[in-house]
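Here the structure is a predicted model, which means the values were calculated and not measured.
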Protein chains: 2
Amino acid sequence: MKDHIKEIEAAIERYIPQEKVAEQQLVDAVRYSLNLKGKRVRPSLTLAFAELCGGSVDAAMPFACAVEMVHTYSLIHDDLPCMDDDDFRRGQPANHKVFGEDIALLAGDALQSMAYAAMLSDEAVAAVGGARAARAARILAEKSGLLGMVGGQVIDLSMEHQTVGIELVRLMEEKKTANLIEAACMMGCVVAGAEEEKIAAAERYAHAIGLAFQIVDDILDVTSTAEELGKPIGSDVDNEKNTFMSLLGIERCRETVEWLTEEAIDALSVFDGDTKDLADFAVALANRKK
Amino acid sequence: MKDHIKEIEAAIERYIPQEKVAEQQLVDAVRYSLNLKGKRVRPSLTLAFAELCGGSVDAAMPFACAVEMVHTYSLIHDDLPCMDDDDFRRGQPANHKVFGEDIALLAGDALQSMAYAAMLSDEAVAAVGGARAARAARILAEKSGLLGMVGGQVIDLSMEHQTVGIELVRLMEEKKTANLIEAACMMGCVVAGAEEEKIAAAERYAHAIGLAFQIVDDILDVTSTAEELGKPIGSDVDNEKNTFMSLLGIERCRETVEWLTEEAIDALSVFDGDTKDLADFAVALANRKK
């Protein structure tokens with residue numbers, strides 16, 4: 001899974017204008033956030049599923065970069081004062097703390113359009129065909145949009161300072177966290193020309209690890225130390241947030257993570273190739289300590 | 001040009017979820033701004049060029065709706081307090097005044113993804129083919145993105161409170177205003193399968209009317225009355241903005257509009273069909289009083 005991180009980062013850089021332009025501040029802001037060292041989980045998953053379905057890393061790369069661009073835009077907008085008002089992201093000053101709120105807003109907007117320009121470039125379309133490129137890009141648009149990731153953010157906002165049921169928390173996290181991971185995995189299959197059964201299995205795998213990831217996040221916010229986690233703990237309880245932990249308690253959370261991890265591994269059974277890395281990744285996510 | 005406004009508005013409405021959803025507030029915010037009665041210039045141009053190139057209105061409609069969605073997202077984000085901080089848009093309260101800044105930000109984000117979901121839907125792709133759909137969507141992504149419309153916004157911000165040359169004002173307006181109109185016109189040709197020469201001509205027409213539109217805007221801000229214009233006048237001078245008027249003066253501005261209108265009409269000469277409506281539109285833009 002980590003094999004392609006350097007290639008992904010080099011490919012992303014190639015989508016950023018290298019020559020000096022009049023809107024250089026915007027280019028710098030876009031580069032700043034794309035360069036924050038993340039784990040590149042989503043693009044790595046796109047490439048892993050493309051390879052698993054017999055596709056090439058090169059052909060899948062624009063789609064991998066696109067999902068990272070969409071993820072990055074969502075982080076920049078999330079950190080803005082009118083949203084979570086976070087001053088730091090991945091240990092570095094948030095985009096708006098460096099470039100100002102106006103440029104940060106526009107950098108997020110530009111990143112979203114960059115994602116589609118990347119997926120629909122002549123090169124990307126030539127490699128996978130117009131129909132597959134269009135379908136993959138549509139999946140990203142739907143999973144990240146109105147009734148997907150952005151919708152999840154709005155459900156999260158609507159839950160503040162009131163008690164809600166576990167179904168709504170689950171729906172919120174499915175949209176806010178799992179949907180973009182689903183897009184990442186599905187796009188890998190789609191651009192490789194995989195059968196519908198495999199695209200659906202990639203979605204099922206991603207849905208399970210996406211939810212498991214979030215539940216582990218909620219558990220660690222209660223059980224970890226700030227030192228171990230590398231960020232403040234207890235913020236969910238302090239903010240009286242509705243989380244899997246607050247609604248299910250630690251035992252049921254741990255059971256659910258275990259069950260979701262089995263679900264993710266089970267989903268991989270329809271693929272012919274070597275799924276060990278993807279299975280190991282699901283287990284590692286479940287057992288992570290930070 | 002005005003023939004299709006009702007159809008466009010009905011088509012846009014069909015992209016908005018009709019059933020009640022958990023993120024209803026977001027859906028309401030998206031609908032609110034899409035429903036503000038604008039002139040629907042951009043989608044009308046997409047349909048006009050599609051028809052001129054022998055394409056069908058139905059096949060071009062998703063692309064027409066998409067350009068209006070991108071335009072609408074840009075207006076919502078423009079009005080936010082960290083940008084122009086405008087409380088009103090088209091005589092109605094700005095999106096963030098009705099729904100709050102957080103929802104307005106997310107409504108803009110969702111509208112951008114909706115545009116790509118519309119252009120790349122199974123139906124849209126079936127009607128024009130994957131290659132054309134992908135190319136049209138890429139044109140929109142590039143013209144509205146980092147080195148296009150969003151880039152133009154950043155150049156505009158960078159010019160505040162300093163004197164700049166006419167070249168930079170022109171570049172800013174080409175990006176901020178003309179680029180999206182170029183996308184609208186070019187997409188109409190692309191989805192109708194027009195030759196490269198016609199796509200380039202549509203871009204030239206759009207570039208000319210886009211710049212002319214902006215110069216007329218600058219002129220009216222000085223020469224009109226608030227009553228006639230339906231919005232406050234003199235704001236450019238008050239804000240010491242660099243505009244075509246402040247840098248060229250009224251005579252050269254009027255000459256330039258005249259020249260650009262001729263340029264737009266000249267660009268239409270490569271098309272075989274009836275270009276009278278598009279020529280009339282260029283003239284009407286140049287002569288508008290509000």
Who among B/Ile139, B/Val125, B/Leu157 has the most heavy-atom pairs with chain A under 4.5 Å?
B/Leu157
Report the residue from A/Val154, A/Leu147, A/Ile155 that forms a side-chain contact (heavy atoms from CB on, under 4.5 Å) with B/Val21.
A/Leu147
Just by distance, which donor-acceptor pairs between chain B and chain A come in under 3.5 Å?
| from | atom 1 | to | atom 2 | distance (Å) |
| --- | --- | --- | --- | --- |
| B/Glu23 | OE2 | A/Lys175 | NZ | 2.7 |
| B/His77 | ND1 | A/Asp109 | OD1 | 3.0 |
| B/His77 | ND1 | A/Asp109 | OD2 | 2.7 |
| B/Asp109 | O | A/Gln112 | NE2 | 3.3 |
| B/Asp109 | OD1 | A/His77 | ND1 | 3.0 |
| B/Asp109 | OD2 | A/His77 | ND1 | 2.8 |
| B/Gln112 | OE1 | A/Ser113 | N | 3.3 |
| B/Gln112 | NE2 | A/Asp109 | O | 3.3 |
| B/Ser113 | N | A/Gln112 | OE1 | 3.3 |
| B/Leu120 | O | A/Arg138 | NH1 | 3.3 |
| B/Asp122 | OD1 | A/Arg138 | NH1 | 2.8 |
| B/Arg138 | NH1 | A/Leu120 | O | 3.4 |
| B/Arg138 | NH1 | A/Asp122 | OD1 | 2.8 |
| B/Lys175 | NZ | A/Glu23 | OE2 | 2.7 |

Could you look at A/Leu140 and say if it's the side chain, the backbone, both or neither that has a heavy atom under 4.5 Å from chain B?
neither
What part of B/Leu105 gets within 4.5 angstrom of chain A, counting heavy atoms only: side chain, backbone, both, or neither?
side chain
If one checks every heavy atom of B/Leu171 against chain A at 4.5 Å, the contacting part turns out to be side chain
Could you tell me which portion of B/Leu26 (side chain, backbone, both or neither) has an atom closer than 4.5 angstrom to a non-hydrogen atom of chain A?
both
Part of A/Leu168 within contact of chain B (heavy atom distance under 4.5 Å):
side chain
So which of A/Ala110, A/Gly145, A/Cys82 has the largest heavy-atom pair count under 4.5 angstrom toward chain B?
A/Cys82
Which one, A/Gly152, A/Gly129, A/Ala131, A/Gly151, leads in non-hydrogen pairs under 4.5 Å with chain B?
A/Gly151
What part of B/Ala133 gets closer than 4.5 Å to chain A, counting heavy atoms only: side chain, backbone, both or neither?
neither
